[in-house]
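Taking it in order: structure first as structure tokens, then the write-up.
Just so it is clear, the values below take in all heavy atoms, side chains as well, and ignore hydrogens, waters and symmetry mates.
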Amino acid sequence: MKISKRVLKYVKENYSGVKHTTLNPEGPGVVRIHLIPPVVKEGEDIAPAVAIINGQDIIPVNLSWTILLSKFIDEVNRYSGHPVSEEETKQIVKDTCKRVRKVYPLLSSKIISGDIFTIMDTFKKIAYRQEPDEEIGYMSMGEYAPYMRAPHRMDLMVSTMTKDGKWNCNQQCLHCYAAGQEHAGETELSTDDWKKIIDRLREICVPQITFTGGEPTMREDLIDLIDYGQWFVTRLNTNGQKLTKEYCSRLKDASLDSIQITFYSHDKDIHNKLVGADGFDKTLDGIKNALEAGMSVSVNTPLCTLNKNYADTLKFLHELGVMYVTCSGLITTGNAALPGSESLQLSKEEMSEILSSAVNFCHENEMEISFTSPGWVDKELCESLSIATPTCGACLSNMAVTPGGKAVPCQSWLSDDVLGDMLADDWSAIWEGEECRKRREYSAQMSGMCPLRKGVIA
């Protein structure tokens, strides 16, 4: 797009990092906005910025609205820490208009203020899963890949699978993708080192972090780390066994945005067999406690031949009050690549039948469902079911940091050479390194196939 020298100078001077704000932080329907700046390359048009809503919806934003939204975020954040009054809202809009007119002096305050309310109404409707009045442009992650500085989500594997020569998880899941993999057993970083990495992630424009493992709740400092990451959209992946009422209260006080709990089956015997522990009751209590605490809860179920009666599990979860669920096939690394797990994998036909039944149940009962395994079912089936077709996001939408601080393509990719050291290496050397670019180019094809599936990568 052609822009004036004044605007180009402004963009170069003001868009070096992510800008973030939260609207209605104390009420229901929180809208968290991360504005990811465009990459400005000499001699090239400026790409759209993107606004990420609540860590999941990626909206392209043109240059003029990027500048407007940036100024608005700055003004809103001046009032952080307390509910904004009607008078303060008017002042925010007035000050935003004044600042925007320094860049676009021919625009009237009436037009600018109208655009502010249009943007906010649009983002609010997107966050609330309502149809926005404005037409939203679409840019796929593949198209946006050349302009990205970093992934939009980094998974922090804060806990190891083994520690001091012993198993370091309160379950021994039959399908654990991390078990036995080299980098899953590294020496864990200290609290201070993880905080240094969190600081780096903010500097390189990563807006969302997920605390995972291993089992992240095995770390005594987990809540401290979550609290330290409040600027980000934060998520916790856990087996739920340690989610007591008191622990959930502390997670909420630390401003954790959402929690995903792995639950294999409503059938206690099947669940316990798959997790390798007598953990059903504690996980069930964890789900109940998280819901009771008012947290945003999703429940994930990796599917195999033993728990293929998934519709009954969904009915069980619905009766508990769970409204968000995800399901997947098995990631064939770690334990899941061993004969005991591999023999329980579902065929494409079986998975398609289970997914169809699950989606129909969820639609009938106003539950939201996502299928997360690229290549397990046909794209046409996902389209017919009106669910997103999963694609590989390694080194594109997401990456991971191992327990010892190494950057890897995703949290399942723990056996190959690492991409770099998050404490020692320059980020651009990691992001623009040959191996990372190779994986990003693969993901940008949006091919719908996990590279870790046997036969995909030699």
Please examine the side chains of [Y] and [X], heavy atoms only from C-beta on, and report whether any two atoms are closer than 4.5 Å.
X    : Y    : value
F211 : T217 : no
V325 : Y310 : yes
Y228 : W194 : no
C436 : M399 : yes
M218 : K242 : yes
M120 : L69  : yes
V401 : D155 : no
K288 : L320 : yes

I'd like to know if the side chain of [X] and the backbone of [Y] have a donor-acceptor N/O pair within less than 3.5 Å.
X    : Y    : value
N237 : T212 : no
N365 : M367 : no
S352 : K348 : yes
N289 : L243 : yes
T238 : G240 : yes
S159 : E215 : yes
D378 : E380 : no
N272 : G279 : yes
N77  : T21  : no
N360 : S356 : yes

Verify the distance criterion only: is there a donor paired with an acceptor across the side chains of [X] and [Y] at less than 3.5 Å?
X    : Y    : answer
T389 : K379 : no
R235 : Q208 : no
T326 : N300 : yes

Flag the pair [X] and [Y] as a salt bridge only when some basic side-chain nitrogen lies within less than 4.0 angstrom of an acidic carboxylate oxygen.
X    : Y    : value
K438 : E434 : no
K125 : D121 : yes
D285 : K245 : no
E203 : R200 : no

Rounded to the nearest 0.5 Å, how far does [atom2] of [Y] lie from [atom1] of [X]?
X    : Y    : atom1 : atom2 : value
C205 : W427 : SG    : CH2   : 11.0 Å
T160 : R219 : OG1   : CZ    : 9.0 Å
S265 : N309 : OG    : CG    : 7.5 Å
L396 : T391 : CG    : OG1   : 8.0 Å
K308 : L346 : NZ    : CG    : 7.5 Å
D257 : T210 : CG    : OG1   : 10.0 Å

To check you understand the geometry: which heavy-atom pair defines the closest contact between [X] and [Y], and what is its length?
X    : Y    : value
V50  : P60  : CG1-CA, 4.2 Å
L256 : T234 : CA-OG1, 3.5 Å
A444 : A145 : CB-CB, 4.1 Å
S443 : G393 : OG-C, 3.7 Å
K406 : D421 : CE-OD2, 3.8 Å
L222 : P216 : CD2-O, 3.6 Å

Review point. Please walk me through it: do T402 and E186 pass side-chain hydrogen bond (donor to acceptor under 3.5 Å, both in side chains)?
Key: CA-CA 8 Å; T402 68; E186 297 172 332; 2.6 Å; yes
- [ ] May I ask you to check whether over 12 heavy atoms, not counting those of D164, lie within 6.0 Å of atom CG?
- [x] no
Is it true that atom NZ of K273 has more than 12 heavy atoms of other residues, nucleotides or ligands lying nearer than 6.0 Å?
no
task = Begin from the C-alpha positions of L156 and I198 and carry the test side chain to side chain contact (heavy atoms under 4.5 Å, CB included) through to its verdict.
result = CA-CA 9 Å; L156 307 184; I198 291 172; 4.0 Å; yes
* Assess whether side chain to side chain contact (heavy atoms under 4.5 Å, CB included) is satisfied between L419 and C395, documenting all intermediate values. => CA-CA 10 Å; L419 302 175; C395 294; 3.8 Å; yes
Aromatic ring pairing W231/H20, orientation class (parallel under 30°, perpendicular over 60°, tilted between):
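The arrangement is perpendicular - the two ring planes meet at more than 60°.
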Notebook entry, point to check: Do the rings of F316 and F280 sit parallel, tilted or perpendicular, given the 30° and 60° boundaries?
Noted result: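 Tilted, since the angle between the ring planes falls between 30° and 60°.
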Flag this pair as yes if the NZ/CZ of R440 is under 6.0 angstrom from the six-membered ring centre of W431 and inside a 45 degree cone about the axis; otherwise no.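 Ring-cation test returns yes.
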(Q) Let's go through Y264 and L306 carefully: what are the C-alpha distance in whole Å and the side-chain angles of both, what is the deciding distance for side chain to side chain contact (heavy atoms under 4.5 Å, CB included) to 0.1 Å, and is it a yes or a no? (A) CA-CA 9 Å; Y264 277 90; L306 294 184; over 6 Å; no
| message | Does T313 form a side-chain hydrogen bond (donor to acceptor under 3.5 Å, both in side chains) with H266? I'd like the steps, not just the answer. | response | CA-CA 5 Å; T313 296; H266 69 290; 3.0 Å; yes
